[in-house]
Amino acid sequence: MKFDIEATDSRSSARAGVLHTDHGDIHTPIFMPVGTVGSVKAVHMHEVKDDIGAEIILGNTYHLYLRPGVDVLKSAGGLHRFNSWNRPILTDSGGFQVFSLTHRRKMSEEGVVFRSHIDGSKHLFSPERVMDIERAIGADIMMAFDECTPGDADYRYAKESLALTERWLDRCFKRFNETEPLYGHSQSLFPIVQGCVYPDLRRQAAEKVAEYGADGNAIGGLSVGEPTEAMYDMIEVVNEVLPKDKPRYLMGVGTPANILEGIERGVDMFDCIMPTRNGRNGQLFTWQGTMNMRNAKWANDHSPLDPQGTSFVDHTYSRAYVRHLMVSQEILALQIASIHNLAFYLDLVRTARQHIIQGDFTQWKASVLPALSQRL
């Protein structure tokens, strides 16, 4: 894996680059649609690729481990063949899902013992086990196993949690270096910076992560309950330390405004369930602001769903029709909304990339940010 930086913004830390993988190039900054169980909810893979224009998607280690299971994925030849996606894939470590099961798990130095949300069966995720599972899934980018600290954690808890995450990180890299990819393409392991909202812990974590010389690095444990400004502050602290010649991935963030703020602070890669989850609940993101498609104001609006949209759904269906589908609880509404929102998020990062290359990203961001945050 190789990362080339093509352009930087003179007034901020924003940069445009290309991440080269065995399954194709990823042009950064990039948004990565979430495909938790190997599929992007309600959207066909050809739509994800050709209409939405995604260059990389995510898979979730916890969910794929439980269903369909490691044996099925191995027999299929890995997730790329199983879900017919021939572009890059990133897998998280399942750590966030495991730690969200507060009443179903027990943590120790060895790892985490948890009970499946499906059938209650007991399982162990250790750093070594997670590396083996991610090898079996076959993602181009594997994430290290960590503890995702709550945004409101006190200093003592955050410090102890970070120490455990760092010990687990050593074990992740040891196992990763002892094993080989299974399906003929290379895999990279990204370590994750934790440390909650405490600058000294974040700086310590970033310094530790930088020592590994990994192909890329991730920033985790943000957008989990802390104030938005604290999230931005932590990104700045971490990116002062992380290598500038490697891609930086901000995990699980967020709104269109969050993404532009992250880009300005030197983040290259983003993912979030917001486009699909919010879309299924009737919220559409546009360059003019957010639209609640359940509102009666759209009932007789026969204009295109989004005249500035880049997807076929934006010009094929009217606002009145999509509103009708939403209130009728028609499945097609969920598909249309998901496609629109994902296409918008990809358009957002592609346009940001263009302005970084043109040299006017900071001015452009300031001009579009107010509209992106308003409700229509």
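Since we're looking at a predicted model, the values are computed, not measured.
We find that K208 and D170 are joined by a salt bridge, their nearest charged nitrogen and carboxylate oxygen being less than 4.0 Å apart. In summary, E160 and R156 engage in a salt bridge, as defined by a charged side-chain N under 4.0 Å from a carboxylate O.
Contact check for V112 versus F145: side-chain heavy atoms found under the 4.5 Å cut-off. Between I137 and I89 there is no side-chain heavy-atom pair separated by less than 4.5 Å. At least one side-chain heavy atom of L73 sits less than 4.5 Å from a side-chain heavy atom of L79. Side-chain contact between H123 and S116 is present, with heavy atoms from C-beta onward closer than 4.5 Å. Annotation: side chain of M231 is not in contact with side chain of E261 (no heavy-atom distance under 4.5 Å). By the 4.5 Å heavy-atom criterion applied to side chains, N239 and I219 are counted as neighbours. L90 is listed as a side-chain neighbour of M32, based on a closest heavy-atom distance under 4.5 Å. In this structure, the side chains of P243 and N217 come closer than 4.5 Å at one or more pairs of heavy atoms.
Classified by interplanar angle (parallel below 30°, tilted 30° to 60°, perpendicular above 60°), the ring pair Y321/Y317 is parallel. Using cut-offs of 30° and 60° on the angle between ring planes, the pair H23 and H80 is parallel.
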Decide yes or no on side chain to side chain contact (heavy atoms under 4.5 Å, CB included) for D140 and I56, but give the supporting numbers first.
CA-CA 10 Å; D140 301 83; I56 176 174; over 6 Å; no
Could you walk me through whether E226 and C196 pass the side chain to side chain contact (heavy atoms under 4.5 Å, CB included) test, one step at a time?
CA-CA 9 Å; E226 79 284 354; C196 198; over 6 Å; no
Side chain to side chain contact (heavy atoms under 4.5 Å, CB included) evaluation trace for H355 with D360:
CA-CA 5 Å; H355 284 280; D360 63 350; 2.9 Å; yes
Pair R11, E264 - check salt bridge (charged side-chain N to carboxylate O under 4.0 Å, His left out), show working.
CA-CA 9 Å; R11 298 187 180 183; E264 186 175 51; over 6 Å; no
Run the numbers on I133 and F125 for side chain to side chain contact (heavy atoms under 4.5 Å, CB included), then give the verdict.
CA-CA 10 Å; I133 295 168; F125 267 17; 3.6 Å; yes
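One hydrophobic cluster holds both F344 and V253 under the rule that ILVMFWY side chains link at heavy-atom gaps under 4.5 Å. By the criterion of side-chain heavy atoms lying less than 4.5 angstrom apart, applied directly or through intervening Ile, Leu, Val, Met, Phe, Trp or Tyr residues, Y198 is not grouped with M251; the two fall into different hydrophobic clusters. V113 is not connected to I118 by any chain of hydrophobic side-chain contacts under 4.5 Å among Ile, Leu, Val, Met, Phe, Trp and Tyr, and they are in different clusters. In this structure, M142 is not a member of the same hydrophobic cluster as L182, with clusters built from ILVMFWY side-chain heavy atoms closer than 4.5 Å. Y183 and V72 fall into different hydrophobic clusters, where Ile, Leu, Val, Met, Phe, Trp and Tyr are joined by side-chain heavy atoms under 4.5 Å apart, directly or via other members.
Side-chain contact check for H20 and D4: at least one donor-acceptor pair (N or O, by modelled atom type) lies under 3.5 Å. For D200 and Y155, the side-chain atoms include at least one donor-acceptor pair closer than 3.5 Å. N60 and Y65 form no side-chain donor-acceptor contact under 3.5 Å, judged by distance and modelled atom types alone. Side-chain N/O atoms of T179 and D132 include no donor and acceptor closer than 3.5 Å. For the residue pair T91 and E134, a side-chain donor N or O sits within less than 3.5 Å of a side-chain acceptor on the partner.
The main-chain N or O of D51 is never found under 3.5 Å from a side-chain atom of H46 such that the two would form a donor-acceptor pair. Put simply, the side chain of W168 never gets that close to the backbone of E128: no donor and acceptor are under 3.5 Å apart. The main-chain N or O of H27 is found under 3.5 Å from a side-chain atom of E55 such that the two form a donor-acceptor pair. With hydrogens and angles disregarded, a donor-acceptor distance shorter than 3.5 Å links the side chain of T61 to the backbone of D92. Remark: the backbone N or O of M326 is not paired with any side-chain donor or acceptor of Q329 at under 3.5 angstrom. Here the side chain of T316 pairs a donor or acceptor atom with the backbone of F312 at under 3.5 angstrom. The closest donor-acceptor contact from the side chain of S328 to the backbone of E330 lies at 3.5 Å or more, if one exists at all. Counting only distance, with no hydrogens or angles, the side chain of N258 and the backbone of T255 share a donor-acceptor pair below 3.5 Å. Side chain of R353 to main chain of G17: a donor-acceptor pair is present (N/O by atom type, distance under 3.5 Å, no hydrogens or angles). Side chain of S311 to main chain of D314: no donor-acceptor pair is present (N/O by atom type, distance under 3.5 Å, no hydrogens or angles).
Y212 has its ring centre less than 6.0 Å from the ring centre of F173. In this structure, H117 has its ring center closer than 6.0 angstrom to the ring center of Y62.
Nearest approach of Q194 to R202, heavy atoms of both residues: O-CD, 3.3 Å. Considering all non-hydrogen atoms of both residues, A205 and V193 come closest at CB-CG1, 3.7 Å. In plain terms, the two heavy atoms of P256 and L372 that are nearest each other are CB-CD1, 4.4 Å. Annotation for D268 and K246: closest pair OD2-O, 4.1 Å, computed over non-hydrogen atoms. What you find for F190 and P247 is that their closest heavy atoms are CZ-CG, 4.2 Å. Considering all non-hydrogen atoms of both residues, M293 and R319 come closest at CE-O, 3.5 Å.
Annotation: the span from K244 atom NZ to R15 atom CZ amounts to 8.5 Å, rounded to 0.5 Å. Taking CD from Q358 and CG from D9, the interatomic distance works out to 11.5 Å, rounded to the nearest 0.5 Å. Rounding to the nearest 0.5 angstrom, the gap separating the CZ atom in R277 from the CG atom in N341 is 11.5 Å. Interatomic distance, N281 CG to N292 CG, rounded to the nearest 0.5 Å: 9.5 Å. Separation of atoms OG (S373) and CZ (F285) is listed at 10.5 Å; rounding is to 0.5 Å. Atom-to-atom distance recorded for L58:CG and D271:CG is 4.5 Å, nearest 0.5 angstrom.
In this structure, R350 forms no cation-pi arrangement with F31, as its terminal cationic atom is not both closer than 6.0 Å to the ring centre and no more than 45° off the ring axis.
Heavy-atom neighbours of R81 CZ from other residues, nucleotides or ligands within 6.0 Å: at or below the threshold of 12. With a 6.0 Å radius and a threshold of 12 heavy atoms from other residues, nucleotides or ligands, E109 has its CD atom above the threshold.
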